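Since the structure comes first, as structure tokens, the remarks are kept for the end.
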Amino acid sequence: MPELAEVEQSRRIWNVGLGEKVLEVIVPRPQDRVFRGVAVSHLQHGFTGKVFLDSETRGKQMLFRFGRRGKVWLGLHLGMAGALRTEPGLLEIRKHDLLVLRQARRYLVFSDRRHLGRVLFHQGETPPAWWTRLPPPILSDAFDRDAVAAFLGRRKGAPLKAVMLMQERFPGIGNWMADEILWRSHLHPAIRGRSLSNRQITTLHRTTRQVCAAAIGAMNENWEYPETWLFAHRWEDGGRCPRCHSGLKRAIIGGRRTCWCPKCQPVKR
DNA sequence: GTGCTTGTTGGCCA
DNA sequence: GTGGCCAACAAGCA
């Protein structure tokens with residue numbers, strides 16, 4: 001589930017614990033692959049006794065800052081099925097709970113049903129390199145039309161669907177957002193980057209920003225989107241295009257399940 | 001049992 | 001070296 005908007009929503013779930021100290025770090029499965037490359041003992045020592053200061057997201061990455069003067073950093077990636085939650089009172093550890101920060105009045109829990117997520121840790125005055133080296137966010141000035149055009153030029157042989165999923169240029173875009181953007185841009189997901197006109201590149205750039213900007217506010221409490229979005233119809237059998245009511249098509253494109261409207265997104269335009 | 005899955009990575013090949 | 005493709009990772013679900 002976690003793409004840009006869901007990651008942002010997830011990050012905020014832990015906000016209830018802001019300004020409060022971590023009393024204990026619980027790692028039920030220290031050998032789990034989400035900790036690959038991280039010494040779990042450092043994690044435990046690092047956060048115990050530190051105050052939860054703030055957090056932010058970039059694309060699908062989350063960064064949480066702890067310590068009086070911001071010295072300890074926790075990075076989380078939700079992978080395919082990661083989730084954050086808080087639990088008041090006594091915590092009953094569930095099967096896929098991987099990292100638990102205990103505070104006086106609640107537990108902050110990271111769980112991951114499929115264990116494809118990632119936990120990162122850093123101690124130091126400044127944010128870690130794995131954070132500062134992330135590509136420029138889609139809603140930043142650095143994500144301009146020229147950057148998109150250059151990237152499409154380089155990835156000229158790959159289907160648009162695959163290009164949209166490349167985090168190095170489209171950080172935060174996942175499977176459903178890629179389909180949503182291509183649908184709104186009237187671009188078939190299997191088109192190769194090389195065959196886009198200048199006007200189509202402009203449209204793709206603009207639409208990418210629009211969908212990212214709208215996604216966070218448009219999501220309801222069940223993590224769903226309005227009926228006018230392709231999102232609301234893409235998984236249902238017999239789903240229809242919310243714009244022209246044609247039957248939607250689904251196939252594997254760029255190695256991923258893809259949904260598009262054959263009428264709004266013809267192969268040739 | 002089979003065949004999927006909202007993500008990422010590394011190996012293979014052209 | 002670069003880019004495209006795909007299996008693997010792990011677990012749940014239909």
Side-chain angles (χ1 to χ4, degrees), chain A residues 1-11 28-38 57-62 75-84 93-99 110-120 130-131 133-135 138 150-183 189-195 208 211-212 214-216 218-220 222-225 229-239 248-260:
Chain A
M1 160 245 287
E3 301 182 28
L4 182 133
E6 293 91 339
V7 171
E8 174 60 22
Q9 193 89 328
S10 297
R11 175 185 70 80
R29 301 167 61 158
Q31 304 301 320
D32 198 278
R33 77 184 288 276
V34 301
F35 299 111
R36 60 197 180 278
V38 172
T57 61
R58 273 197 206 177
K60 298 172 188 171
Q61 313 277 341
M62 294 184 281
L76 290 180
H77 190 294
L78 299 175
M80 201 89 107
L84 300 188
I93 302 267
R94 299 183 199 164
K95 186 174 175 191
H96 298 297
D97 291 348
L98 298 173
L99 178 67
F110 164 62
S111 65
D112 185 355
R113 273 197 350 256
R114 286 172 67 182
H115 305 244
L116 295 173
R118 180 145 210 189
V119 176
L120 290 170
W130 46 256
W131 182 259
R133 284 186 198 143
L134 290 173
I138 286 170
F151 193 70
L152 286 169
R154 192 144 54 84
R155 301 299 190 152
K156 55 183 182 288
L160 280 185
K161 173 60 181 268
V163 175
M164 297 300 297
L165 292 174
M166 294 178 184
Q167 302 297 296
E168 62 195 278
R169 178 45 67 196
F170 298 95
I173 301 300
N175 205 24
W176 79 256
M177 288 185 86
D179 285 356
E180 188 79 31
I181 292 163
L182 293 173
W183 173 70
I191 296 176
R192 310 281 146 167
R194 66 165 79 90
S195 57
T208 301
V211 170
C212 287
I216 292 167
M219 186 167 55
N220 71 15
N222 293 322
W223 307 66
E224 295 161 341
Y225 288 87
W229 290 46
L230 179 67
F231 179 94
H233 310 273
R234 51 170 290 126
W235 289 290
E236 55 187 83
D237 282 334
L248 294 170
K249 285 207 163 190
R250 283 184 289 182
I252 303 292
I253 296 178
R256 302 299 302 281
R257 172 64 55 187
T258 302
C259 176
W260 74 98

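Throughout, a chain's letter reflects where its sequence line sits, starting with A, and its residues are numbered from 1. This one's a predicted model, so the numbers in the text were calculated from it and none came from an experiment.
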Next on the checklist: As a test of reading the structure: which of B/dT8, C/dA10, C/dA11 is closest to the side chain of A/K95, going by heavy atoms?
Outcome noted: C/dA11
Checklist entry - Are A/R155 and A/E168 close enough for a salt bridge, meaning some N to O gap below 4.0 Å? => result yes
Checklist entry - Does a donor on one side chain and an acceptor on the other come within less than 3.5 Å for A/E6 and A/W176? => result yes
Checklist outcome for this item: Contacts of A/W235 and A/R36 projected onto DNA chain B by closest heavy atom; the upstream (5') one is A/W235
Checklist entry - Hey, does the side chain of A/R154 come within less than 4.0 Å of C/dG3's phosphate (OP1/OP2), counting only N and O? => result yes
Next on the checklist: Any base atoms under 4.0 Å from A/R250, or only sugar-phosphate, or nothing? Heavy atoms, all strands.
Outcome noted: nothing
Next on the checklist: Is there a side-chain contact between A/R256 and the phosphate of B/dG7, meaning an N or O under 4.0 Å from OP1 or OP2?
Outcome noted: yes
Item to check | Short side-chain N/O contact to B/dT8 OP1/OP2 from A/H77, under 4.0 Å | outcome: yes
Next on the checklist: Between A/R257 and B/dT5, is there a contact of a side-chain N or O with OP1 or OP2 at under 4.0 Å?
Outcome noted: yes
Next on the checklist: Can you measure A/F151 atom CZ to C/dG3 atom P for me and round it to whole angstrom units?
Outcome noted: 9 Å
Next on the checklist: Under 4.0 Å between a side-chain nitrogen and a carboxylate oxygen: does that hold for A/D179 and A/K161?
Outcome noted: yes
Checklist entry - Who passes salt bridge (charged side-chain N to carboxylate O under 4.0 Å, His left out) against A/R113, sequence neighbours left out? => result none
Item to check | Rounded interatomic separation in angstrom, taking CD from A/E168 and P from B/dT9 | outcome: 11 Å
Checklist entry - Would the number of heavy atoms belonging to other residues, nucleotides or ligands and lying under 6.0 Å from CZ of A/R133 be above 12? => result no
Checklist entry - Nearest-Å distance, CZ (A/R29) to P (C/dC9)? => result 16 Å
Checklist outcome for this item: A/R113 atom CZ is separated from B/dT5 atom C1', nearest whole Å, by 10 Å
Checklist entry - Between atom CG in A/D112 and atom P in C/dC9, what is the gap in whole Å? => result 16 Å
Checklist entry - Picking from B/dG7, C/dG3, C/dC5, which would you name as closest to the side chain of A/R155? => result C/dG3
Item to check | Side-chain N or O of A/H96 closer than 4.0 Å to phosphate OP1/OP2 of C/dG12 | outcome: yes
Checklist entry - Quick one: A/R33 CZ to B/dG10 C1', roughly how many Å, whole number? => result 12 Å
Next on the checklist: Can you identify which nucleotide, out of C/dA10, C/dG4, B/dT5, has its nearest atom closest to the A/H115 side chain?
Outcome noted: C/dA10
Item to check | For atom CZ of A/R194 and atom P of C/dG3, their distance in whole Å | outcome: 13 Å
Next on the checklist: I need the CG-P distance between A/L116 and C/dA10, as an integer number of Å.
Outcome noted: 8 Å
Item to check | Below 4.0 Å: OP1/OP2 of C/dG4 and any side-chain N or O of A/K156 | outcome: no
Checklist entry - With a 4.0 Å cut-off on heavy atoms, is A/R114 in touch with a base, just the backbone sugar-phosphate, or nothing at all? => result base
Item to check | Qualifying residues under ring pair (Phe, Tyr, Trp, His ring centres under 6.0 Å), relative to A/W235, sequence neighbours excluded | outcome: A/F231
Item to check | Step-by-step side-chain contact (heavy atoms from CB on, under 4.5 Å) determination, A/I138 to A/R169 | outcome: CA-CA 8 Å; A/I138 286 170; A/R169 178 45 67 196; over 6 Å; no
Next on the checklist: Applying a 4.0 Å non-hydrogen cut-off, can you work out what A/G174 is touching in the nucleic acid: base, sugar-phosphate, or nothing?
Outcome noted: sugar-phosphate
Next on the checklist: I need the minimum non-hydrogen distance between A/I253 and A/A190, along with the two atoms involved.
Outcome noted: CG2-CA, 4.1 Å
Checklist entry - Can a side chain N or O of A/Q167 be found less than 4.0 Å away from OP1 or OP2 on B/dT8? => result yes
Checklist entry - Name the stems that DNA chain B belongs to, where each is three or more consecutive Watson-Crick or G-U pairs with both distances under 3.5 Å? => result B:2-5 with C:11-14, B:7-14 with C:2-9
